[in-house]
Amino acid sequence: MLEEFKQVKVGIIPCNGEEIGEGTLTRFACRRVLDTLRPHDTVTICLPLFIAGDKGERNFAKAFPTITVDGCEKRCSQKSTERLSGRPKHAIVISELLKEHGLEPPQSRQALEEKDKAAVDLVAEEIARKVDEILEKG
Ligand code: SF4
């Protein structure tokens, strides 16, 4: 994996939470950053593969800056990253971010509704801002 990344990229590590709406939001917001907002500056790291011991994923997270994105205060992604590779540059917790901005978490775990758009925008823009800070852009 390292060979593919001669330029510095930021690894985005979403928690993959399936059990609450915030976990769904985590995945949607991370995809927005990876596909649309910062496609040339970011790569995703698959948390299950990372935990399973994939050397490429772990080495990437050791060598390059990472942002963990967790649905709730249990911080599964942040804790795994700290244990297996090193401290992330930023650790975003969606439930805290939504509370700070007075937004409700999504009600559904399967799909987001129109009213959840503001929450996706907020989280995706926060991740993109942290990517820019790390790469000293903007
Ligand atoms: S951080 Fe919360 S939402 Fe994400 S996987 Fe862990 S328990 Fe689930």
Side-chain angles (χ1 to χ4, degrees):
M1 192 177 193
L2 287 175
E3 293 302 308
E4 298 168 34
F5 299 109
K6 304 227 185 292
Q7 80 179 87
V8 174
K9 296 208 177 210
V10 178
I12 308 293
I13 315 180
C15 72
N16 292 327
E18 295 281 355
E19 74 283 29
I20 55 172
E22 287 90 333
T24 312
L25 181 54
T26 301
R27 296 195 307 280
F28 273 82
C30 287
R31 283 266 46 109
R32 169 88 59 82
V33 174
L34 290 155
D35 296 338
T36 309
L37 296 182
R38 298 294 184 276
H40 305 298
D41 293 329
T42 55
V43 295
T44 188
I45 294 177
C46 170
L47 188 61
L49 190 57
F50 183 67
I51 292 170
D54 182 86
K55 282 201 170 60
E57 306 284 285
R58 288 191 186 178
N59 285 341
F60 181 91
K62 275 185 186 139
F64 291 89
T66 56
I67 297 174
T68 55
V69 186
D70 282 305
C72 73
E73 72 290 341
K74 288 185 180 163
R75 297 175 184 257
C76 298
S77 176
Q78 181 184 350
K79 286 177 185 169
S80 300
T81 304
E82 286 176 351
R83 185 161 45 87
L84 300 170
S85 280
R87 184 178 278 273
K89 281 278 184 196
H90 292 285
I92 294 171
V93 179
I94 306 265
S95 55
E96 292 175 1
L97 191 62
L98 294 183
K99 206 176 286 177
E100 275 170 32
H101 289 80
L103 291 174
E104 289 292 320
Q107 296 304 306
S108 168
R109 289 172 297 166
Q110 279 82 39
L112 299 181
E113 298 170 17
E114 185 59 30
K115 69 176 181 51
D116 300 321
K117 191 177 173 302
V120 176
D121 290 347
L122 171 74
V123 175
E125 280 159 21
E126 176 70 6
I127 299 168
R129 196 166 23 250
K130 295 301 183 192
V131 170
D132 292 347
E133 262 179 50
I134 292 169
L135 299 178
E136 296 180 346
K137 292 184 174 182

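Computed from heavy atoms alone, side chains included, the values below leave out hydrogens, waters and symmetry copies. Indexing begins at 1, ligand by ligand and atom by atom, following the structure's order.
Hydrophobic clustering of Ile, Leu, Val, Met, Phe, Trp and Tyr side chains at less than 4.5 Å, counting indirect connections, keeps L49 apart from I12. A continuous path of hydrophobic side-chain contacts links F64 to V10 [ILVMFWY only; heavy atoms under 4.5 Å]. Both L122 and L34 belong to a single network of hydrophobic side chains, linked directly or stepwise wherever heavy atoms of I, L, V, M, F, W or Y lie under 4.5 Å apart.
By the criterion of a separation under 2.8 Å, the protein N/O/S atoms near atom 2 (Fe) of ligand 1 amount to C72 SG.
In this structure R27 satisfies the side chain to side chain donor-acceptor pair (under 3.5 Å) test with no other residue, sequence neighbours excluded. With sequence neighbours left out, the side chain to side chain donor-acceptor pair (under 3.5 Å) criterion links D41 to K137. Residues passing the side chain to side chain donor-acceptor pair (under 3.5 Å) test with E82 are Q78, sequence neighbours excluded.
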